[in-house]
Every structure is written in structure tokens, then in C-alpha cells.
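To keep things clear, I will list the structure first and then write my remarks on it.
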Protein chains: 2
Amino acid sequence: MPRALRADAERSTARILEAADRLLRGNPEATLEQIADAAGVARSTVHRRFASRAALLAALTSLVNDRLREVVARARPETAPPLVALHQLTDVALTLKVDWRFAVDLTGDGTTEDSTLDPAVLTGLTTAFSRACEEGLIRPDLDTDWVLRIYFALMHEAAVRPGGEDAHTRAQDVLDVFLHGVGPR
Amino acid sequence: MPRALRADAERSTARILEAADRLLRGNPEATLEQIADAAGVARSTVHRRFASRAALLAALTSLVNDRLREVVARARPETAPPLVALHQLTDVALTLKVDWRFAVDLTGDGTTEDSTLDPAVLTGLTTAFSRACEEGLIRPDLDTDWVLRIYFALMHEAAVRPGGEDAHTRAQDVLDVFLHGVGPR
DNA sequence: CTTAACTGCGACATGCGTGTAGCGTTTCTG
DNA sequence: CAGAAACGCTACACGCATGTCGCAGTTAAG
């Protein structure tokens with residue numbers, strides 16, 4: 001556990017992470033030098049903060065996992081009414097995904113084997129779904145994995161979609177299509 | 001226009017393209033040597049058939065565009081009943097996407113700027129959608145781009161989804177969720 | 001069967017991204 | 001203000017994927 005970073009170092013780290021996500025979402029093979037330039041620092045600084053490219057990606061992953069844990073905790077998927085929890089979850093998660101698209105994609109959708117998404121986040125989401133299922137919001141005959149995939153896919157498209165709509169509107173569009181798509185007939 | 005390839009050369013080309021898609025879908029940065037090994041040929045043979053890595057990818061793109069043109073033409077999106085056209089389109093396109101996942105993804109979803117998807121394919125699909133809209137299958141207040149994105153996303157998830165379901169079943173699942181998700185209230 | 005095409009193999013050149021190190025300068029922190 | 005921390009810059013080493021070439025052996029085609 002090294003001592004705390006100096007203020008300017010902390011600033012650099014943040015700028016590097018932001019630039020990394022911004023560039024990598026357009027080109028996953030973007031160079032560390034390109035990232036450094038976009039962040040307004042030298043390449044050596046990137047290497048000073050992150051031992052390797054892999055370490056930089058790991059930092060992005062852990063960053064987004066931290067935020068997602070917060071998001072899920074705040075939505076209270078075990079106690080809140082499923083519809084409310086789902087709305088809250090979708091709303092905030094979408095905001096996060098718009099800002100940290102690459103990092104969120106990097107964690108994987110939880111349906112793949114090599115996912116680095118925090119299991120706690122996934123379980124929170126699945127509890128919200130299963131409770132929504134019990135309340136008749138989701139058809140029980142649908143495969144859980146399939147439902148999860150649909151949700152993640154809609155979230156992704158909503159985040160990628162151009163246009164200045166705010167996250168709240170986008171989230172509403174996602175849940176509208178989702179709940180009718182997987183809802184009762 | 002060079003003279004026709006010899007039979008074994010044609011075979012090699014096909015094996016390389018198949019191996020390329022199979023490997024690249026798992027790792028887009030897979031080496032030409034890895035591809036060559038998977039195809040059962042030497043790396044030099046890959047370079048003989050495809051001048052560069054870019055040329056190999058271009059070949060995959062054009063291959064999938066050819067097939068997609070066929071698919072769209074066969075579905076007759078301007079004359080056939082929208083629901084029928086949509087089913088046929090989804091069914092065959094999904095089969096294609098399962099076999100050539102990387103290549104199809106490479107063409108882009110048509111909603112992005114750098115898409116290499118044949119415009120003819122895209123227009124065929126959009127006509128099917130607009131006619132479905134006129135028949136009340138799709139809510140007219142939804143953004144065309146958003147609807148298209150949803151469709152592509154569902155297709156993708158259905159193709160990626162593990163499990164031995166045949167393309168027909170998967171296509172039905174896609175259209176089920178899609179038409180209810182974007183259908184009238 | 002004879003020719004031309006195709007292939008595998010090995011060698012080589014090249015460019016590029018990554019990672020390391022040192023040094024002088026700037027910028028926080030107490 | 002003094003010391004430490006962080007930075008920019010430069011240079012270097014290294015690995016690796018790409019692309020090219022030639023040659024000898026194999027295979028399809030007429």
C-alpha cells in the first residue's frame with residue numbers, strides 16, 4: 001500500500017483514464033502514446049501510473065466495477081418494487097455507460113465466461129429480474145440468459161445511439177422496449 | 001481480371017476465410033500465422049491469396065455482402081407481406097451470421113458512419129420495416145434508427161447465444177421480442 | 001505425361017508498440 | 001522556502017506481426 005498520490009498526480013491519473021476510455025471506445029488498439037497525447041501527458045507518465053497496458057485496462061475495469069456496485073446498492077434490488085428498482089438501475093447505469101463505454105464493455109456482459117464484471121453486480125441485477133418475473137412483468141417461460149442478453153444489448157445500443165437525448169430519456173426507451181418485448185402477451 | 005484459380009487454390013482460399021472468421025470472432029487481433037495454422041496452410045499461402053491483412057478482411061466483407069444481397073433479394077421486401085419478409089429475412093440472415101459472425105460484424109450495423117455494409121442490403125431491410133410500420137406492426141412514433149439498432153442488437157445476441165438451438169428457433173425468438181418490443185400498445 | 005500452378009519452408013527486412021532508464025525541470029506540500 | 005514528488009524528454013532494447021523472396025517439392029489440368 002503505497003502512500004497517497006500528490007494532487008497533480010491524481011489529476012493526471014484521472015485524465016489518462018478518461019482519455020483511454022474515450023479513445024479505446026473508437027479504436028480498441030489505440031496506442032498508449034495516442035492516449036497520452038489525448039490526456040495531455042507524456043507517454044512516460046502513463047507508464048509511471050500504470051505499469052503496463054494491461055494494468056491500465058485493469059484500472060478501468062475496477063473503476064467501473066466500483067461505480068456499478070454503488071449503482072446496484074442504491075437501487076436496492078431485493079427490497080424496492082421491481083419496476084422502481086429496474087428504472088433506477090437502468091437510469092444510472094446508462095449514465096455510467098455513456099461516460100465509460102469502453103470500460104463497461106471491457107467488463108463483459110456477465111453472460112460470457114471471461115467476464116470481469118463483479119459478480120455482486122450481476123446478482124443484484126438478476127434478483128431484480130427474478131422479482132420482476134414473479135410480479136408478472138417478465139414472461140416466466142423465457143430463458144434467464146436470453147432475457148439478460150436482451151437487456152444488456154438494449155443498454156448498449158441506447159448508450160451508443162447518437163443524439164443529445166439525456167440518459168433519463170434513453171433509459172425510458174430501453175425499458176419500454178424491454179418490458180414489452182419480454183412482457184406478458 | 002486474373003485467370004481462374006486452380007481447384008486446390010480455391011479450396012485453400014475457402015479454408016483460410018473460414019478459419020479467419022472462426023479465430024477473429026474470438027480474438028480480433030489474431031495473427032495471420034494463427035489463422036494459417038487453423039486453416040491448415042502455411043503463412044506464406046495466406047499472403048499469396050491475400051496481399052495483406054486488410055485484403056483478407058476486405059474479402060470477408062465482400063463475401064458476406066454477396067450473401068446478404070442474396071438473402072434480401074430472396075425475401076422480396078417490396079412485394080411480399082411484411083411479416084413474411086421479415087421472418088424469411090431474419091431466418092436466413094441469422095444462419096449467415098452464425099456461420100460468419102466476425103465478417104458480418106465487420107460490415108457494421110449500417111447505423112455507423114464507417115459501415116461497409118452494402119447499401120442495397122440496408123435499403124431492403126428498411127423497406128421491410130417501413131412497410132411493417134404501415135401495417136401497424138411497428139409503432140410509427142419510434143425513431144427509425146432506434147428500431148434498426150434494436151433489430152441488429154437482437155440478431156447479434158441471438159447469434160452469440162450459446163446452445164444448440166437451430167437458426168429457425170433463434171429467429172423466432174428474435175422476432176418475438178422485437179415485434180412486441182416495438183409493436184403497438 | 002508434361003507443363004504450369006500451387007504449396008511449404010526458411011530467411012530476411014521492416015515498422016511499430018511496449019517497457020525501461022536517466023536527467024534536468026517544474027510543481028506540489030509542509 | 002526547502003525537499004520531495006511528479007513530469008517531460010530522449011534514448012535504447014526488445015518482441016512481434018507484417019510483408020517479401022527464392023527454391024524445392026507436390027498437385028491439378030490439358
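Heavy-atom basis, side chains included; hydrogens, waters and symmetry copies ignored. Because the structure is a prediction, the values reported are computed rather than measured.
Residues passing the side chain to side chain donor-acceptor pair (under 3.5 Å) test with His156(B) are Lys97(B), sequence neighbours excluded. Under the salt bridge (charged side-chain N to carboxylate O under 4.0 Å, His left out) criterion, Asp114(B) pairs with no residue at all, not counting sequence neighbours. Under the side chain to side chain contact (heavy atoms under 4.5 Å, CB included) criterion, Val98(B) pairs with Ala159(B), Arg170(B), not counting sequence neighbours. For Arg48(B), the salt bridge (charged side-chain N to carboxylate O under 4.0 Å, His left out) test picks out no residue, with sequence neighbours left out. Under the rule for a side chain to side chain donor-acceptor pair (under 3.5 Å), the partners of Thr169(B) that lie at least two apart in sequence or sit in another chain are Asp166(B).
Distance Leu56(A) CG to dT18(C) C1': 13 Å, rounded to the nearest Å. Atom C1' of nucleotide dC16(C) and atom CD1 of Ile35(A) are separated by 15 Å, given to the nearest angstrom. Note: CD (Gln34(B)) to C1' (dA17(D)) measures 10 Å, nearest angstrom. In this structure, Glu10(A) places its CD atom 11 Å from P of dC7(D), rounding to the nearest Å.
Contact detail for Ala20(A) and Leu56(A): the closest heavy-atom pair is CB-CD2, 4.2 Å. The heavy-atom pair separating Val72(B) from Pro77(B) by the smallest distance is O-CD, 3.3 Å. When every heavy atom of Ile35(A) is checked against every heavy atom of Ile16(A), the shortest pair comes out as CG2-O, 4.0 Å.
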Below 3.5 Å between N/O atoms, which protein atoms pair up with nucleotides 9-15 of chain D? Just atom names and distances, please.
residue	atom	partner	partner atom	Å
dC9(D)	N4	Ser44(A)	OG	3.1

Considering only nitrogen or oxygen atoms on both sides, find all protein atoms under 3.5 Å from nucleotides 26-30 of chain C and state each distance.
residue	atom	partner	partner atom	Å
dT27(C)	O2	Arg6(A)	NH1	3.4
dT27(C)	O2	Arg6(A)	NH2	3.1
dT29(C)	OP1	Ala7(A)	N	3.2

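Less than 4.0 Å separates DNA chain C from at least one heavy atom of each of the following residues of residues 16-33 of chain A: Thr31(A), Leu32(A).
The side chain to side chain donor-acceptor pair (under 3.5 Å) pairs that include a residue from residues 4-19 of chain A are Arg6(A)-Asp8(A), where partners are two or more places apart or lie in different chains. The ring-ring contact (aromatic ring centres under 6.0 Å, His included) contacts involving residues 47-101 of chain B comprise nothing, where partners must be two or more places apart or lie in separate chains. Annotation: ring-ring contact (aromatic ring centres under 6.0 Å, His included) contacts involving residues 113-141 of chain A, sequence neighbours excluded, comprise Phe129(A)-Tyr151(A), Phe129(A)-Phe178(A).
Side-chain proximity of His47(B) to dG19(D), dT7(C), dG8(D): nearest is dG19(D).
Within the structure, every side-chain polar atom (N or O) of Ser52(B) is placed at least 4.0 Å from both OP1 and OP2 of dT18(D).
You'll find the side chain of Leu86(A) reaches within 4.5 Å of the side chain of Leu179(A), heavy atoms only.
Note on the helix from dC1(C)-dG30(D) to dG30(C)-dC1(D): terminal axis deviation equals 40°, with five pairs used at each end and the result rounded to 10°.
Between Asp105(A) and Arg101(A) there is no salt bridge, since none of the side-chain N atoms of the basic residue sits less than 4.0 Å from a carboxylate O of the acidic one.
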